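Here is the structure we will look at.
Because the structure is a prediction, the values reported are computed rather than measured. For the single chain, residues carry numbers from 1 onward in sequence order.
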Amino acid sequence: MKIVNFGSLNVDYVYRVPHVIVRGETLSATDRNIFPGGKGLNQSVALSRAGLEVYHAGCIGKGGEILLQVLRDAGVNTDFVRCLDDIPVGHTIIQNTDDGDNCIILFGGANQAVTEKQVDQTLCHFERGDWIVLQNEINNLKYIIEKAHETGMTIVLNPSPMNGKINDLPLEYVDYFFVNEIEAGQITGYPSDDPEKLMEGLRSIFPNAHTILTLGSAGSAYIYQGEIIRKSIYKVKAVDTTAAGDTFTGYFLASVIGGRTPEAALDLAARASAVTVSRPGAAPSIPVMDEVLNYRF
């Protein structure tokens, strides 16, 4: 059984600000750092650091060579990453506040250059029973999901960032959904601050999928048919929340694939994401398994 993450690869430009900027405001940043990131890269790093053998597929553009090295250093196979010289690398502008909150502007760049030919050339190396992990930061998602379904792969989707493209996808083929409270509110139409309504709405909309809902300080939930499991957070001082959700996704999947129960997977994912938010950066902040198991809360 193999795991391929067909996902984004970004360079993150992170600015430290006293608060998230508002309309018409000019604000001085107190610090700036450059980190490797992208939901795809972060989740591949998390899956690998959690102990799985992971293949990453996607595109990097000019200025993104460092991203390949980050994946390789984390133990991720990069044979299915295309390097494009005529397109800029995908990147983000991230505002980080002193209390650990963040706001992100995303430019797709090379992440929007995935071709059907690349999809075919990648997925022919995988077979029924293998897993594919996807996010909404690349193009051709519909084609990827259809081909993965034809192959018989287990399909995981994190539909972030939420936009109109999601409604055009064959969501009935998705086996695992990962959404936060904002995304769940957009999907279900219920208020994002009403977890009970959100869980009931997700169970109704995706009756045959395993849905994992992250609720910020209110913890997380696993929803599958008639089953709902809740898990609280591990409390730490938040430094940077940028890769918290990606860490959670990677560690939850690694746990389930490794044979843990959903309840145990929620717990390990909560521990891992807590470690992540306690330090700066996206991919660099994602812990290895030993750190997660031995971290003192």
Review point. Could you go step by step and tell me if E200 and K197 meet the salt bridge (charged side-chain N to carboxylate O under 4.0 Å, His left out) rule?
Key: CA-CA 5 Å; E200 186 57 41; K197 286 285 190 183; over 6 Å; no
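- When the ring-ring contact (aromatic ring centres under 6.0 Å, His included) test is applied to Y176, the partners found at least two apart in sequence or on another chain are W131, H210.
- Listed by chain and residue number, F178 satisfy the ring-ring contact (aromatic ring centres under 6.0 Å, His included) test with F252 (two or more places apart in sequence, or in another chain).
- Ion pairing between E227 and R203 fails under the 4.0 Å rule for side-chain N and carboxylate O.
- In the hydrophobic clustering of ILVMFWY residues, with side-chain heavy atoms under 4.5 Å counting as a link, I182 and I105 come out apart.
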Point to revise | Test side-chain hydrogen bond (donor to acceptor under 3.5 Å, both in side chains) applied to Q112 and N139, step by step | key: CA-CA 5 Å; Q112 300 301 311; N139 67 313; 5.3 Å; no
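- Defined by atom type and a distance below 3.5 Å, a donor-acceptor pair is present between the side-chain atoms of S44 and N5.
- No donor-acceptor distance shorter than 3.5 angstrom exists from the side chain of E181 to the backbone of D193, with no hydrogens or angles considered.
- By the criterion of side-chain heavy atoms lying less than 4.5 angstrom apart, applied directly or through intervening Ile, Leu, Val, Met, Phe, Trp or Tyr residues, L134 is not grouped with L71; the two fall into different hydrophobic clusters.
- More than 12 heavy atoms of other residues, nucleotides or ligands sit less than 6.0 Å from atom CD of E291.
- The closest side-chain donor-acceptor pair between Q95 and D101, if any, does not fall under 3.5 angstrom.
- Between D267 and K231 there is a salt bridge, with a side-chain nitrogen of the basic residue lying less than 4.0 Å from a carboxylate oxygen of the acidic one.
- A distance-only check finds no donor-acceptor pair linking the side chain of N77 to the backbone of V54 [under 3.5 Å].
- Between the side chain of R16 and the backbone N or O of T97, at least one donor-acceptor pair lies under 3.5 Å.
- Hydrophobic clustering (side-chain heavy atoms under 4.5 Å, transitive across Ile, Leu, Val, Met, Phe, Trp, Tyr) keeps L215 apart from F248.
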**Study point:** Step-by-step side chain to side chain contact (heavy atoms under 4.5 Å, CB included) determination, Q135 to L157
**Key:** CA-CA 6 Å; Q135 316 81 31; L157 176 63; 5.9 Å; no
Check your understanding: Given the rule in the side chain to side chain contact (heavy atoms under 4.5 Å, CB included) test, do V236 and V277 qualify, once you have shown the distances and angles that lead to the verdict?
Key -> CA-CA 8 Å; V236 296; V277 304; 3.5 Å; yes
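- None of N33, D240, T241 except one satisfies the side chain to side chain donor-acceptor pair (under 3.5 Å) rule with N96; the exception is D240.
- Residues T115 and R82 have side chains in contact (heavy-atom distance under 4.5 Å, counting atoms from C-beta outward).
- If you take CG on D246 and OG1 on T276, they are separated by 9.0 Å, rounding to the nearest 0.5 Å.
- Using a 4.0 Å cut-off between charged nitrogen and carboxylate oxygen, E196 and R230 count as a salt-bridge pair.
- Between H125 and F80, the ring centre distance stays below 6.0 Å.
- At most 12 non-hydrogen atoms from other residues, nucleotides or ligands lie less than 6.0 angstrom from CD of E53.
- Under the side-chain hydrogen bond (donor to acceptor under 3.5 Å, both in side chains) criterion, D120 pairs with Y143, not counting sequence neighbours.
- Taking hydrophobic clusters as Ile, Leu, Val, Met, Phe, Trp and Tyr residues chained together by side-chain heavy-atom distances below 4.5 Å, L171 shares a cluster with I155.
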Check your understanding: Going through the distances and angles, do N158 and S160 end up as a side-chain hydrogen bond (donor to acceptor under 3.5 Å, both in side chains)?
Key -> CA-CA 6 Å; N158 176 197; S160 177; 4.8 Å; no
Exercise for review: Let me see the working for V14 and T242 under side chain to side chain contact (heavy atoms under 4.5 Å, CB included), right down to the final yes or no.
Suggested key: CA-CA 10 Å; V14 182; T242 305; 5.6 Å; no
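- Here F297 and Y295 bring their ring centres to under 6.0 angstrom of each other.
- In this structure, I66 places its CD1 atom where only 12 or fewer heavy-atom neighbours from other residues, nucleotides or ligands lie under 6.0 Å away.
- Interatomic distance, OG of S8 versus CD1 of I138, reported as 7.5 Å (0.5 Å rounding).
- Under the 3.5 Å distance criterion, with hydrogens and angles disregarded, no donor-acceptor pair is assigned to the side chains of T78 and H56.
- Here the CG atom belonging to L169 is positioned 5.5 Å from the CG atom belonging to L141, to the nearest 0.5 angstrom.
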Point to revise | V174 vs V156, side chain to side chain contact (heavy atoms under 4.5 Å, CB included): CA-CA, chis, key distance, verdict | key: CA-CA 6 Å; V174 176; V156 179; over 6 Å; no
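- Looking only at atom types and distance, the side chain of T151 has no donor-acceptor partner in the side chain of E127 under 3.5 Å away.
- A 6.0 Å sphere centred on CG of N163 holds more than 12 heavy atoms belonging to other residues, nucleotides or ligands.
- Clustering ILVMFWY residues whenever any of their side-chain heavy atoms sit less than 4.5 angstrom apart, transitively, puts L202 in a cluster other than the one holding Y222.
- Counting heavy atoms of neighbouring residues, nucleotides and ligands inside a 6.0 Å radius, atom NZ of K62 does not exceed 12 of them.
- A donor atom on one side chain and an acceptor atom on the other are found under 3.5 Å apart for T92 and D12.
- A salt bridge links K2 with D130: at least one charged nitrogen is closer than 4.0 Å to a carboxylate oxygen.
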